[in-house]
There are 2 protein chains.
Amino acid sequence: MKEGPDIARIAALIGEPARANMLTALMSGKALTATELAGEAGVTLQTASGHLARLRDGDLVQVRKQGRHKYFALAHADVATTLEALMGLAAGQGALRTRIGPKDAAMRQARVCYNHLAGQMGVQMFGSLLQRGLIWQEGEALGLTEAGKGFVCDFGVDLDGLSMARAPLCRSCLDWSERRTHLAGSLGRAMLARMETLDWVRRDRDSRALLFTSRGSEAFSRAFT
Amino acid sequence: MKEGPDIARIAALIGEPARANMLTALMSGKALTATELAGEAGVTLQTASGHLARLRDGDLVQVRKQGRHKYFALAHADVATTLEALMGLAAGQGALRTRIGPKDAAMRQARVCYNHLAGQMGVQMFGSLLQRGLIWQEGEALGLTEAGKGFVCDFGVDLDGLSMARAPLCRSCLDWSERRTHLAGSLGRAMLARMETLDWVRRDRDSRALLFTSRGSEAFSRAFT
DNA sequence: TTCATAGTTCGACCTTAGCCGAAGCATTGG
DNA sequence: CCAATGCTTCGGCTAAGGTCGAACTATGAA
């Protein structure tokens, strides 16, 4: 009768409104301070402090101390993946709760998901790369083809630098709004970073939405049709 | 502050040990009764009933009522995906325990279920009829096709007599050892009765097991391959 | 030094919800 | 009809944990 993996412990950790809000806020990939997270969660700092300690205990977030600030971020990409999966379930059944405002539409079109591009644009980019044979996919596994490496370098990404990193280069991530896979992993992050450098896209200050510039929008559709 | 889907509600649903155990048990893909799930979760039936109602409310499981049993299964493949993601996070990724139905081999092969044929043979017959287009199935609904009517009459069943009865002609019944559907309803009962008349099969005196004669076994596999 | 800001810990409330006993339906079998 | 079985509902008990005020530590700035 004893369990396998202790799924309840993790789910209970996520299943508390204040903590869920914090984790959702961290999905942007940005590191946030305890005070900021307290604001996101709508609780006082003491309460937030307790929650964050628990999240850290459960290995859902990691901390970096810097001066008198503590910056919190999601511990691992797996955490982001799991949260996306949960959002998929919640979105499938609960349109009743979320009113679709203008920001919501922007979120569906393009948003940041643990520092990589998600939403319609993310799915489009992934599909384009796949169709042109620049990446390959076999079940869960995912990778760059030779042609793909050339493409990515031409795009301006330092592929050699990425290869040194410990994290997997390519990962697939299931989109909660589109219900299709998009590109995650260190390559996914690098691609988004490059697009920001090129000023194709800018981050919204208050949400995870990504706003494409008119120039960037045009260039994007030319690059990933 | 409130953006995105209500992830906390779902996660809290999963994040309760008893419910998590139930969901884990359902990961096998098989449908389980409330009593079985209560055992899996280590709680009494009353408690389990409450939990299952909540899971059903949250669209994590779907239920199928059959006689005095209620069979529960995961609602969608998405639910299983999310649970797997959570298990991945829980790191201690362990074995799923599977509790199998009846231990008696004969019972598993063929037995009586409300006067119709159940067990491996029942599932086989159902599959054969379906594949050959003799019956049709749409969700819960089930019926005989024109070709099926001919087949049944040839088999020696008085279809006209059955149609007079109040009870539905065809019903699907979820097998408690195979956990797949087989043929129930007045037709299911008539089919079994006919097989007994033909001396294909005899009832065991002390149990619900059905013993196929050697001749009957041969004829059965010829008729329902 | 003194003050201000960031975060933690403690203690005390108090709501939530998980749990079971007992009784109530519903279905099946005799 | 009655008995047995599967499940649900109700009521009360209890424990867990979320919440905040207040006091405390730590870092940085004037």
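The sequence lines fix the lettering, A, B, ..., with proteins before strands; numbering per chain opens at 1.
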Student: Would one find a side-chain N or O of T44(B) under 4.0 angstrom from OP1 or OP2 of dC20(C)?
Tutor: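 Looking at the OP1 and OP2 atoms of dC20(C), one of them is under 4.0 Å from a side-chain N or O of T44(B).
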
Student: E36(B) CD to dC7(D) C1': how many Å, rounded?
Tutor: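 Whole-Å distance recorded here is 14 Å.
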
Student: OP1 or OP2 of dA26(C) less than 4.0 angstrom from a side-chain nitrogen or oxygen of K70(B), does that happen here?
Tutor: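 Answer no for this pair, as no side-chain N or O of K70(B) is under 4.0 Å from OP1 or OP2.
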
Student: Whole-Å distance between dA17(C) P and I14(B) CD1?
Tutor: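 So the two atoms are 16 Å apart, to the nearest Å.
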
Student: Measure from the side-chain heavy atoms of A18(A) and tell me the nearest of dT19(D), dC7(D), dA17(C).
Tutor: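 When the side chain of A18(A) is considered, dT19(D) is the closest of dT19(D), dC7(D), dA17(C).
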
Student: What's the separation between atom CG in L117(A) and atom CZ in F212(A), rounded to the nearest 0.5 Å?
Tutor: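 One gets 5.5 Å once the value is rounded to the nearest 0.5 Å.
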
Student: Whole angstroms only, please: what is the CG-P distance between L32(B) and dG6(D)?
Tutor: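 It is 15 Å, rounded to the nearest whole Å.
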
Student: Figure out the CZ/P separation between R54(B) and dT16(C), and round it to whole Å.
Tutor: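 That distance rounds to 12 Å.
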
Student: Taking the inter-plane angle between the rings of H182(A) and H116(A) on a 0 to 90° scale, is it parallel (under 30°), tilted (30 to 60°) or perpendicular (over 60°)?
Tutor: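 Answer is tilted, since the angle falls between 30° and 60°.
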
Student: I need the L74(B) CG to Q62(B) CD distance, nearest 0.5 Å.
Tutor: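 It comes to 8.5 Å.
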
Student: How close or far is atom C1' of dT25(D) from atom CG of L45(A), stated in whole angstroms?
Tutor: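 Computing the L45(A):CG to dT25(D):C1' distance gives 13 Å.
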
Student: Roughly how far, to the nearest 0.5 Å, is the OG1 atom of T24(A) from the CE atom of M87(A)?
Tutor: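 Reported to 0.5 Å precision, the distance equals 4.0 Å.
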
Student: Does a distance-only test, which skips hydrogens and angles, find a donor-acceptor pair under 3.5 Å between the side chain of Q46(B) and the base of dG21(C)?
Tutor: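 A donor-acceptor contact between them is present.
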
Student: Taking only side-chain nitrogens and oxygens of T47(A), does any of them come within less than 4.0 Å of OP1 or OP2 of dT19(D)?
Tutor: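 Checking T47(A) against dT19(D): no side-chain N or O falls below 4.0 Å of OP1 or OP2.
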
Student: In plain terms, say whether E16(B) and R54(B) are close enough for a salt bridge, that is, a side-chain N and a carboxylate O under 4.0 Å apart.
Tutor: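 Salt bridge between E16(B) and R54(B), a charged N being under 4.0 Å from a carboxylate O: no.
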
Student: Just how far, in rounded Å, is P of dG6(D) from CZ of F72(B)?
Tutor: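 Rounded to the whole Å, the gap is 14 Å.
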
Student: Of the listed nucleotides (dC19(C), dC7(D), dG18(D)), which one gets closest to any side-chain atom of A34(B)?
Tutor: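 The answer is dC7(D).
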
Student: Indicate whether OP1 or OP2 belonging to dG17(D) is found under 4.0 Å from a side-chain N or O atom of H51(A).
Tutor: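 No, no such contact exists.
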
Student: Between H69(B) (NE2) and dT27(C) (C1'), how many Å, whole number?
Tutor: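 Taking NE2 of H69(B) and C1' of dT27(C), I get 10 Å after rounding.
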
Student: Please state how far atom CG in L52(A) lies from atom C1' in dG18(D), giving the value in whole angstrom units.
Tutor: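 Computing the L52(A):CG to dG18(D):C1' distance gives 14 Å.
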
